[in-house]
Amino acid sequence: MATKVTPLSGFPELLPAERLLELHFLDTIREVFELHGFTPIETRAVEPVERLLGQGGDADKEIYGLRRLAADDEDKGAELGLHFDLTVPFARYVLEHAGKLDFPFRRYQIQKVWRGERPQQGRFREFTQADIDVVDVGALAPHFEAEMPLVIAEVFSRLPVGEFHIQVNNRKITEGFYRGLGLTDNAGTLRIVDKLDKIGAANVRALLVESGATEEQAAGCLALAEIRSDDTSFVDQVRALGVDHPVLDEGLAELAAVIETGRSVAPGVLVADLRIARGLDYYTGTVYETQLVGGEAWGSVCSGGRYDSLASDGRTTYPGVGISIGVSRLVHLLIDNRGLTTSRRTPAAVLVAVTDEESRPHSTAVATALRARGIPCEVAPKADRFGKQIRYADRRGIPYVWFPGGRDDSGERPDQVKDIRSGEQVEADPSTWVCPDADLRPAVVTLTR
RNA sequence: GUGGGUGUAGCUCAGCUGGUAGAGCGCUGCGUUGUGGUCGCAGAUGUCGCGGGUUCAAAUCCCGUCACUCACCCCA
């Protein structure tokens, strides 16, 4: 069947060089997560739809349903859906395996997730997230809320992402403030205020009034949303607005603690920003959002928050806090906007040339010797003219070509290896030859355009 | 789901008010009997998204459809 192949919207695929770049990111993320003692798990791709919809029950989460094509109408069973994040499956996992886990339980999880929303720049239907979470039994110590973004900051400091800001807010601040103002539709208000960056203060004010707020209440919401600071001075700024509510007090204290810890451990990374509201609806306290400086149009590349009642079996509640790197969005942003890629489109550092098919075993032996010492290499597929074999390497970005020696009229000739970037060619022995560490793996590079 | 834009060579695109398909890059070969990149010469490649309509004639005009894309919603 010769059907035309076309891309599937929202299901991106990378070419080899970019996939190598993504793997570099994934390797770095995993390494830092493990350095911080997070333990790996993987959950199945599907959950019962009922669980995915959760307590909220709002069906507009754009969940992909799953069913057997051969299933007939009677064959109902549990309805399954692909998970749309890693936190909900994790909460279920904790409940299911609580008896065998050690609390507080720190885990990391790097997997694909699916959302049926309309794709756009940086928004896919299938994408990879890298999550860390900590859950405990009954109560969760607040210092974990400061730890999460600091781990992320360490990940990002090892990746070529440039400058970034992790913005932190606390849902109790907005909720307490709105209630103190006399506004009851917390989620609705938050949603409108969240558009501030996009549509401006005047439009937000108009929308708030349209939704039933008074001019004074709208002004209050905007004033709160304007507040941001990289220290705890935001507390006084909020106090100055003259709104009082016990939930607001709680939120201010919690956020102040997070910012204070952040300041002492990694100055300049965390910013209290009282306008940020995004994130899933199960967050109950601290929420995080991360923007790359210059990449604001792509939205947050890393978000999360604290959830107090996501995992509960009725008797025991396991509160948690977590944060998730949007690996696909981050990598695509850097590829598309900053021309990031890798120095070659294969892991191979060396191409071992083949003189003629009779001597292919010699070339294979060279490759085996190199691999034994951790040097990635491949043997030329065809005993072409050396010019063509060099071009084969050049196309792929392989930096070295190995020429096997042998016997000719002038006697025994040693192996030689050529750096095809500089043209330098030297005699070499496959059991001792080394290349600079920088050449061993594909390097991250920026395309000059 | 709603609204806008776009579908022509592997890629980026040109092709006016209809006259039978082009450029650049890339690719293949040769100059260069085993050492590439530059340069020169030669060459290959298209159901012009799909279906229908108008017409002597459609990539071009009309209708439909599909896909991609941007925005809204929502979010990594």
Side-chain angles (χ1 to χ4, degrees), chain A residues 2-12 15 25 29 56 58-63 83-87 110-131 152 187-188 190-192 194-195 198-199 207 276-283 287-292 295 297-305 322-333 351 353-357 359 380 382-404 406 408 413 416-425 449:
Chain A
T3 45
K4 193 172 181 178
V5 290
T6 54
L8 249 187
S9 178
F11 295 84
L15 290 170
F25 275 60
I29 289 167
D58 54 280
D60 54 320
K61 267 180 181 164
E62 297 291 4
I63 292 165
H83 56 223
F84 63 88
D85 70 3
L86 300 179
T87 309
I110 302 173
Q111 282 181 248
K112 286 275 172 64
V113 304
W114 295 267
R115 293 183 192 174
E117 294 154 356
R118 274 278 200 281
Q120 278 172 45
Q121 175 177 256
R123 309 185 47 192
F124 311 110
R125 288 177 156 173
E126 177 181 72
F127 58 99
T128 300
Q129 289 194 321
D131 272 43
I152 297 304
L190 214 47
R191 197 164 297 143
I192 294 171
D194 187 47
K195 297 181 196 300
K198 212 169 221 172
I199 65 176
L207 281 176
I276 81 143
R278 289 190 192 170
L280 287 321
D281 49 14
Y282 44 70
Y283 295 132
V287 288
Y288 317 101
E289 194 166 301
T290 310
Q291 310 238 332
L292 257 43
W298 286 64
S300 173
V301 293
C302 178
S303 325
I323 194 162
S324 174
I325 302 174
V327 179
S328 302
R329 173 178 290 179
L330 180 64
V331 169
H332 278 86
L333 188 165
L351 175 75
V354 175
T355 307
D356 48 49
E357 286 305 328
S359 69
K382 251 180 93 184
D384 272 323
R385 303 187 341 237
F386 282 168
K388 284 196 176 181
Q389 298 194 45
I390 291 171
R391 193 166 62 174
Y392 176 97
D394 191 36
R395 291 267 162 77
R396 289 161 177 75
I398 299 172
Y400 298 97
V401 176
W402 191 285
F403 298 108
D408 65 6
R413 268 191 333 195
Q416 296 198 323
V417 64
K418 174 179 184 132
D419 181 336
I420 64 174
R421 297 161 300 188
S422 63
E424 188 190 2
Q425 186 166 331
R449 305 186 263 203

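Letters A, B, ... mirror the listed sequences (proteins, then strands); counts begin at 1. This is a predicted model, so every value here is computed, not measured.
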Side chain to side chain contact (heavy atoms under 4.5 Å, CB included) partners of [X], counting only residues at least two apart:
X	result
A:Pro404	A:Ala353, A:Thr355, A:His362, A:Ser363, A:Asp415
A:Gln291	A:Gln167, A:Glu289, A:Glu296
A:Gln425	A:Phe403, A:Gln416, A:Lys418
A:Arg125	A:Phe11, A:Tyr64, A:Arg118, A:Pro119

Results of salt bridge (charged side-chain N to carboxylate O under 4.0 Å, His left out) for A:Arg191 - residues two or more places apart only |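 Not a single residue meets the salt bridge (charged side-chain N to carboxylate O under 4.0 Å, His left out) criterion with A:Arg191.
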Atom [atom1] of [X] and atom [atom2] of [N]: how far apart are they, to the nearest Å?
X	N	atom1	atom2	value
A:Tyr392	B:U28	OH	P	13 Å
A:Asp85	B:C75	CG	P	11 Å
A:Ile276	B:A76	CD1	C1'	13 Å
A:Ile192	B:C72	CD1	C1'	15 Å
A:Asp281	B:C75	CG	P	8 Å
A:Glu289	B:C74	CD	P	14 Å
A:Asp194	B:C72	CG	P	12 Å
A:Arg115	B:C74	CZ	P	13 Å

Check ring-ring contact (aromatic ring centres under 6.0 Å, His included) between A:Phe25 and all other residues, then give those that pass, not counting sequence neighbours.
->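 Listed in chain order: nothing, the list is empty.
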Among all residues two or more places apart in sequence or in another chain, which pass the ring-ring contact (aromatic ring centres under 6.0 Å, His included) test with A:Trp114?
->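 In terms of ring-ring contact (aromatic ring centres under 6.0 Å, His included), with neighbours along the sequence ignored, A:Trp114 is linked to A:His83.
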In whole Å, measure the gap between the [atom1] atoms of [N] and [M] for me.
N	M	atom1	result
B:C13	B:G51	C1'	26 Å
B:G46	B:U32	C1'	33 Å
B:A76	B:U2	P	26 Å
B:A67	B:G19	P	31 Å
B:G22	B:C48	C1'	12 Å
B:U17	B:G24	C1'	28 Å
B:U60	B:G7	C1'	14 Å
B:U65	B:C27	P	42 Å

Between the protein and nucleotides 30-36 of chain B, list the N/O to N/O atom pairs that are separated by less than 3.5 angstrom.
unit_1	atom_1	unit_2	atom_2	d
B:G34	O2'	A:Phe386	N	2.3
B:G34	N7	A:Thr355	O	3.4
B:U35	O2	A:Lys418	NZ	2.9
B:U35	O2	A:Gln425	OE1	3.4
B:U35	N3	A:Gln425	OE1	3.1
B:U35	N3	A:Gln425	NE2	3.4
B:U35	O4	A:Gln425	NE2	3.1
B:G36	O4'	A:Gly387	O	3.3
B:G36	O6	A:Ile420	O	3.2
B:G36	N1	A:Ile420	O	2.6
B:G36	N2	A:Asp394	OD1	3.0
B:G36	N2	A:Asp394	OD2	3.3

Cut-off 3.5 Å, no hydrogens considered: what does the side-chain donor-acceptor table look like for residues 391-399 of chain A, sequence neighbours left out?
unit_1	atom_1	unit_2	atom_2	d
A:Tyr392	OH	A:Glu378	OE1	2.9
A:Arg396	NH1	A:Tyr392	O	3.1

Under 4.0 angstrom, heavy atoms only, what part of the nucleic acid is A:Phe124 near: base, sugar-phosphate, or nothing?
->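 The residue A:Phe124 makes base contact.
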Hey, does A:Lys382 reach any base, or is it just sugar-phosphate, or nothing, if we go heavy atoms under 4.0 Å?
->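 Answer is nothing: A:Lys382 stays at 4.0 Å or more from every strand.
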Does the ring centre of A:Phe127 sit less than 6.0 Å away from the ring centre of A:His332?
->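 Between A:His332 and A:Phe127, the centre distance exceeds or equals 6.0 Å.
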With distance as the sole test, does A:Glu424 use its side chain to make a donor-acceptor pair with the main-chain N or O of A:Asp419 at under 3.5 Å?
-> no
Verify, without hydrogens or angle tests, whether A:Ser300 (side chain) and A:Thr290 (backbone) share a donor-acceptor contact under 3.5 angstrom.
->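 Such a contact is found between A:Ser300 side chain and A:Thr290 backbone.
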Just do the side chain to side chain contact (heavy atoms under 4.5 Å, CB included) check on A:Val417 and A:Trp402 with the steps written out, would you?
-> CA-CA 4 Å; A:Val417 64; A:Trp402 191 285; 3.7 Å; yes
Minimal non-hydrogen separation, [X] against [Y], with atom names:
X	Y	result
A:Val301	A:Leu292	CG2-CD1, 3.9 Å
A:Arg115	A:Asp85	NH2-CB, 3.9 Å
A:Asp131	A:Ser324	OD1-OG, 2.6 Å
A:Leu207	A:Lys195	CD1-CD, 4.3 Å

Protein heavy-atom contacts under 4.0 Å, written 5' to 3' over nucleotides 5-13 of chain B as B (base), S (sugar-phosphate only) or - (none), form the string ---------
In which ranges does RNA chain B form stems of 3 or more consecutive Watson-Crick or G-U pairs, distances under 3.5 Å?
->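 For RNA chain B the paired stretches long enough to count as stems (3 pairs minimum) are B:1-7 with B:66-72, B:10-13 with B:22-25, B:27-31 with B:39-43, B:49-53 with B:61-65.
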Phosphate oxygens OP1/OP2 of B:C75: is one of them under 4.0 Å from a side-chain N or O of A:Lys195?
->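 Indeed not, no polar side-chain atom of A:Lys195 lies that close.
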Does A:Arg395 place a side-chain N or O at less than 4.0 Å from the phosphate oxygens OP1/OP2 of B:U28?
->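 Checking B:U28 against A:Arg395, a side-chain N or O does come within under 4.0 Å of OP1 or OP2.
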Please write out the pairs of protein N or O atoms and N or O atoms of nucleotides 64-71 of chain B separated by less than 3.5 Å, giving the distance to one decimal.
unit_1	atom_1	unit_2	atom_2	d
B:C68	OP1	A:Pro7	O	3.4
B:C68	OP1	A:Ser9	N	2.5
B:U69	OP2	A:Ser9	OG	2.4
B:C70	OP1	A:Gln121	N	3.4
B:A71	OP2	A:Gln120	OE1	2.8

Looking only at N and O atoms, is any donor in the side chain of A:Arg123 or the base of B:C74 less than 3.5 Å from an acceptor on the other one?
-> yes
Glycosidic class, syn or anti, of B:G5 using a 90° window around 0 =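 This nucleotide is in anti.
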